[in-house]
Amino acid sequence: MTVLKLYNTKTREKHAFKPINEGAVGMYVCGPTVYDYAHIGNARPVIIFDVLFRLLRQIYGTGKVNYVRNITDVDDKIIAAQQDSGEDINVITSRTIRAFQSDMKVLGNLEPSIEPQATDHIPQMIKMIEKLILTGNAYQEQGHVCFHVPSMANYGRLSRLNREELIVGARVEVAPYKRDPADFILWKPSSSDQPGWDSPWGRGRPGWHIECSAMSNEYLGITFDIHGGGQDLIFPHHENEIAQSCCANGEDTFAQIWMHNGYLMVDGEKMSKSLGNFITVRDLLDSYHGETIRLCMLMTHYRQPLNWTSNGLAQAKSSLDSFYGALRQVNDLPQFIDELSEEFMTALLDDINTPEAIKVLHELSKDLNKAETKKAKAQLKGKLLAAGKLLGILNCDPNNWFESENSNLKSGLSEDQINKLILARNNARDDKNFALSDKIRDELLQSGIVLEDSKSITRWKRL
RNA sequence: GGCGCGGUGGCGGAGUGGCUACGCAGAGGCCUGCAAAGCCUUGAACACCGGUUCGAUUCCGGUCCGCGCCUCCA
């Protein structure tokens with residue numbers, strides 16, 4: 001029996017996962033605000049929850065997991081981007097959405113089941129805000145609608161912050177339309193040059209948190225299984241989502257399990273758009289294969305902080321080289337069966353312990369190198385590939401992995417030229433003219449081509 | 001000030017109350033014409049101080065250090 005254990009931010013403990021509806025899983029992950037290219041900090045939750053998505057599909061069946069990841073396409077940062085560039089908002093958001101989707105695909109992520117956009121769900125948000133006013137949890141003031149935090153007895157359960165502490169810590173002046181310093185906006189007025197929608201409170205736009213409450217409700221129901229995102233969303237975003245959804249629905253529970261990935265750091269500092277120290281996925285892809293970036297991300301457990309370094313990327317590349325190296329030896333062998341190693345599954349079932357899972361990949365790869373019979377080789381190949389598939393890596397043809405042009409280092413040599421030089425060198429070797437054969441090998445090395453002689457053939461790879 | 005996370009060998013990074021993480025780098029060896037790749041062997045760690053225990057890197061308490069949240073942020 002496979003038991004998946006997940007760490008729940010709400011309880012700060014690992015628990016055995018049990019779906020609310022037996023045999024089917026609903027998961028909501030906060031997606032990007034689309035005003036700029038994705039940085040690798042944005043990519044971390046996408047990759048982490050993609051692995052969880054794959055794992056859940058493995059356990060419950062491909063069609064049994066409903067994975068919703070929203071796109072925030074109405075936000076003051078987008079308005080700011082519009083004012084900076086003068087471009088139309090729709091131009092900015094649709095271009096950014098396309099870039100995001102393409103970047104995430106190159107990083108080996110599956111598409112979520114649904115990728116709803118906030119602006120397509122304004123009526124649902126308005127409906128929920130009306131409900132909150134009716135239940136006495138929200139009020140209208142100077143064109144704004146605010147959630148009244150004191151109206152909810154157990155506000156702050158997720159972040160374990162209480163209202164008094166929040167007020168003490170508040171570094172921002174309290175807006176005049178707020179009855180309580182902790183209150184937050186559900187709806188705010190838009191000027192004529194800002195995007196807006198008609199509502200019972202005039203033309204305006206939604207506050208930050210309401211879209212996730214409205215869209216999770218729409219696609220997953222009032223209560224669902226897993227809600228994920230980065231640690232920085234715990235407060236205020238997820239706390240406020242809980243407040244909105246629980247009060248509007250009259251339910252005590254919103255998401256059953258809250259999962260949060262740790263920060264991605266650069267030079268020991270949190271990477272974020274506001275600090276300006278971010279590395280975009282685009283830039284990284286100029287120098288590294290998507291799988292390298294992905295494996296680098298998975299080498300650290302998702303709840304730990306991850307310091308992003310070129311050394312880490314080099315290690316990820318080296319690991320992939322060794323996996324593909326093992327696979328290359330058996331490239332012409334059909335895989336025996338897509339069997340998942342038990343040890344590998346055990347690692348992932350324990351709160352998605354990807355470093356432990358990668359260790360198993362190394363063991364499988366080593367076993368594959370040592371395997372002697374065809375049957376053993378085929379079996380290990382199947383296990384390695386199946387494990388890689390669950391992590392979203394090892395999707396390339398091994399020869400292609402080594403031989404395809406790496407934009408990082410242009411060799412200037414075509415495949416044809418390389419093969420001719422290898423042939424010339426092997427002729428020299430047959431003649432025992434090692435001075436010549438070594439000279440050719442050195443020349444190739446100068447162009448970034450490394451040779452590997454085996455008994456039957458000479459393989460090559462680009463550095 | 002409040003809340004929270006972390007300090008593991010040269011580096012990255014898991015994990016455990018008593019026994020090998022794993023990878024990279026290093027050393028030695030096998031293989032090779034020589035290499036490369038691969039394989040074998042190998043050295044090296046659990047911030048500090050107390051406590052619990054037969055025994056703690058692992059549990060408890062304290063100290064120091066680093067980081068985050070409390071304000072937009074994955």
Side-chain angles (χ1 to χ4, degrees), chain A residues 9 12 29-33 38-49 69 72 75-77 80 156 159-173 182 184 208 228-237 239 260-265 268-275 278 295-296 298-307 309 311-319 321-322 325-326 328-329 347 350 353-363 365-366 368-370 402 428-429 432-435 437-438 441-442 444-445 449-455 458-461:
Chain A
T9 306
R12 313 275 159 107
V29 174
C30 290
T33 302
H39 61 68
I40 47 172
N42 299 126
R44 169 116 109 143
V46 176
I47 291 171
I48 291 301
F49 289 105
R69 188 180 65 212
T72 302
D75 184 277
D76 286 1
K77 288 192 290 290
S159 58
R160 305 201 173 177
L161 296 170
N162 67 51
R163 203 172 61 84
E164 288 74 24
E165 286 161 1
L166 288 175
I167 295 164
V168 171
R171 280 174 262 158
V172 179
E173 272 187 58
F184 58 90
W208 174 28
Q231 250 167 23
D232 47 352
L233 294 182
I234 296 174
F235 188 90
H237 185 52
E239 197 68 73
H260 295 95
N261 61 275
Y263 295 112
L264 202 138
M265 322 281 285
E269 261 196 321
K270 172 187 164 188
M271 178 170 74
S272 70
K273 281 186 177 166
S274 48
L275 286 173
F278 60 90
L295 185 64
C296 187
L298 296 175
M299 286 184 331
T300 300
H301 183 84
Y302 78 92
R303 280 192 280 117
Q304 293 298 120
L306 164 53
N307 200 20
T309 62
N311 187 37
L313 284 160
Q315 285 207 25
K317 162 87 161 57
S318 147
S319 291
D321 280 347
S322 89
R328 197 183 201 187
Q329 307 295 323
D350 182 15
N353 192 338
T354 50
E356 188 73 20
I358 291 166
K359 165 193 154 181
V360 180
L361 249 57
H362 280 289
E363 286 171 355
S365 167
K366 182 170 277 195
L368 178 54
N369 281 326
K370 284 193 287 185
F402 289 112
R429 287 172 72 210
K432 303 258 188 272
N433 186 350
F434 296 121
S437 72
D438 287 356
R441 186 170 64 194
D442 285 347
L444 280 163
L445 185 62
I449 305 299
V450 179
L451 300 186
E452 288 174 18
D453 294 325
S454 74
K455 279 202 181 84
T458 297
R459 293 186 224 272
W460 60 276
K461 65 182 180 187

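The basis for the numbers below is simple: all heavy atoms, side chains too, and nothing from hydrogens, waters or symmetry mates. All figures in this text were calculated on a predicted structure; none of them were measured in a lab. Chain letters run A, B, ... following the sequence lines, proteins first, then strands; residues in each count from 1.
Summarising the geometry, the separation between CG on A:Leu451 and P on B:A37 is reported as 12 Å, rounded to the nearest angstrom. In this structure, A:Tyr263 atom OH and B:G68 atom P are separated by 9 Å, rounded to whole Å. One interatomic measurement links the two molecules: NZ of A:Lys432 to P of B:C34, which rounds to 11 Å at whole-angstrom precision. Rounded to whole Å, the distance from CE on A:Met265 to P on B:C5 is 16 Å.
Comment: A:Lys366 does not engage A:Glu363 in a salt bridge, judged by the lack of any side-chain N to carboxylate O separation of less than 4.0 angstrom. A salt bridge does not link A:Asp321 to A:Lys461: none of the charged nitrogens lies less than 4.0 Å from a carboxylate oxygen.
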Distances under 3.5 Å between protein N/O atoms and the N/O atoms of nucleotides 24-27 of chain B, please, pair by pair.
none

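When the P atom is compared between B:A14 and B:A56, the two are found 26 Å apart, to the nearest whole Å. Taking atom C1' in both B:G17 and B:C30, one finds a spacing of 40 Å when rounded to whole Å. Taking atom P on both B:C19 and B:G38, the two are 31 Å apart, rounded to the nearest angstrom. If you take atom C1' in B:A21 and the same atom in B:G9, they sit 12 Å apart, rounded to whole Å. Nucleotides B:A44 and B:U52 place their C1' atoms 30 Å apart, quoted to the nearest Å. Rounded to whole Å, the separation between the P atoms of B:G13 and B:G29 comes to 33 Å. Spacing of C1' atoms, B:C48 relative to B:G23, comes out at 29 Å, to the nearest Å. The separation of B:U63 from B:C69, taken at their C1' atoms, amounts to 24 Å, rounded to a whole angstrom.
The side-chain contact (heavy atoms from CB on, under 4.5 Å) search around A:Ser319 returns A:Leu295, A:Phe323, A:His362, not counting sequence neighbours. Contacts of A:His237 classified as ring pair (Phe, Tyr, Trp, His ring centres under 6.0 Å), with partners at least two apart in sequence or in another chain: A:Trp208, A:His209. Looking at residues two or more places apart in sequence or on another chain, you find a side-chain contact (heavy atoms from CB on, under 4.5 Å) between A:Asp438 and A:Arg441. Partners of A:Ala326 by side-chain contact (heavy atoms from CB on, under 4.5 Å), not counting sequence neighbours, listed by chain and number: A:Ser365, A:Leu368, A:Asn369.
The phosphate of B:C69 (OP1 or OP2) has a side-chain N or O of A:Lys270 nearer than 4.0 angstrom. Between A:Lys359 and B:G15 there is no side-chain N or O to OP1 or OP2 distance below 4.0 Å. Taking side-chain N and O atoms only, A:Lys370 has a distance below 4.0 Å to OP1 or OP2 of B:C40. Using a 4.0 Å cut-off, no side-chain N or O of A:Asn353 falls inside it from OP1 or OP2 of B:A14.
If you check every strand for non-hydrogen atoms under 4.0 Å, A:Gly229 touches sugar and phosphate atoms only.
The shortest non-hydrogen separation linking A:Thr354 to A:Thr300 is OG1-O, 3.8 Å. The two residues A:Ile48 and A:Leu298 come nearest to each other via the heavy atoms CD1-CD2, 4.1 Å. Nearest heavy atoms, A:Cys296 versus A:Ala316: N-CB, 3.6 Å. Heavy atoms only, all atoms of each residue included: A:His301 and A:Arg44 are closest at O-NH1, 3.6 Å.
Where A:Pro45 and A:Lys461 each meet RNA chain B at their nearest nucleotide, the meeting point lying more 5' is that of A:Lys461. Between A:Arg429 and A:Gln304, it is A:Gln304 whose nearest contact on RNA chain B lies nearer the 5' terminus.
Side-chain atoms of A:Arg303 and base atoms of B:C5 include no donor and acceptor less than 3.5 Å apart.
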Would you write out the dot-bracket form of RNA chain B, 5' to 3', with Watson-Crick and G-U pairs under 3.5 Å, [ ] for crossing pairs, | for pairs to other strands and . for unpaired bases?
(((((((..(((.....[...))).(((((.......)))))....(((((..]....))))))))))))....

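Distances were taken from every side-chain heavy atom of A:Asn369 (C-beta onward) to each of B:C34, B:C39, B:A36; the shortest belongs to B:C39. Listed candidates were B:A35, B:G33, B:C3. Nearest to the side chain of A:Asp453 is B:A35.
A heavy-atom distance below 4.5 Å is not found between the side chains of A:Asn42 and A:Pro32.
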